[in-house]
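Structure first, commentary second.
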Amino acid sequence: MAAKLKLATTSLAGCFGCHMSFLDIDERIMQLVELVEFDRSPLTDIKNCSPCDIGLIEGGVCNADNVHVLREFRNNCRILVAVGACAINGGLPAMRNSIPLEDCLRESYVNCIGIENPQIPNDPELPLLLNQVHPIHEVVRIDYSLPGCPPSADVFWKFLTDLIEGHEPSLDYDLVYYD
Ligand code: SF4
């Protein structure tokens, strides 16, 4: 039997909706786990990415930790995939790009109604926010993109089964949408 492909996944500035849509493959996940082994992922307890065949990235890049994780995935994954609108073009979170970061933070932590002891969090444990939200291709090289917010379960299934069977992945027209 051929060795299983290794698959890692992560969520950067994402909402976990892309992961939920992935899980919408429902009972097909039983077929999938016969063919792939999950590495670092919100679905496992593995803390660091080891060398993998495929890395699925949900979410854009909004803070220093996102940059670190994205580079870890690029360094370890033979095929790196931008999953969903946020990873591809920043998505809805990139709407903050038209507002200065300082104004966003003040509105959330200082001016917001009902806040006690207003202050912008500054614990060094917290990852610093970037001034803007970026699509992941602005930080590392990307091999494929799966469009949609989120991509449907059938998109994940078609893409992964194409790769597992050794085909160049292709999505039928009715699987390609951006909303
Ligand atoms: S693309 Fe949509 S579903 Fe996926 S992380 Fe972004 S907002 Fe969530």
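In listed order, ligands and their atoms are each counted from 1. From a predicted model like this one, the values you see are computed outputs, not experimental measurements.
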SB check Asp26 Arg28 (cutoff 4.0 Å): no

Less than 4.5 Å apart, any side-chain heavy atom of Lys6 and any of Cys77? no

For the residue pair Phe159 and Tyr144, does the interplanar ring angle fall in the parallel (under 30°), tilted (30 to 60°) or perpendicular (over 60°) class? perpendicular

Mind listing the protein N/O/S atoms less than 2.8 Å away from atom 6 (Fe) of ligand 1? Waters don't count. Cys86 SG

Before giving the answer on salt bridge (Lys or Arg N to Asp or Glu O under 4.0 Å), spell out for Lys158 and Asp154 the whole-Å C-alpha distance, their side-chain angles and the decisive distance to 0.1 Å. CA-CA 6 Å; Lys158 177 72 167 57; Asp154 287 338; over 6 Å; no

Taking atom types as modelled, is there a side-chain donor on Ser11 or His19 under 3.5 Å from an acceptor on the other? no

One pair to check against side chain to side chain contact (heavy atoms under 4.5 Å, CB included): Phe73 and Ile136. What are the steps and the verdict? CA-CA 11 Å; Phe73 270 67; Ile136 63 174; over 6 Å; no

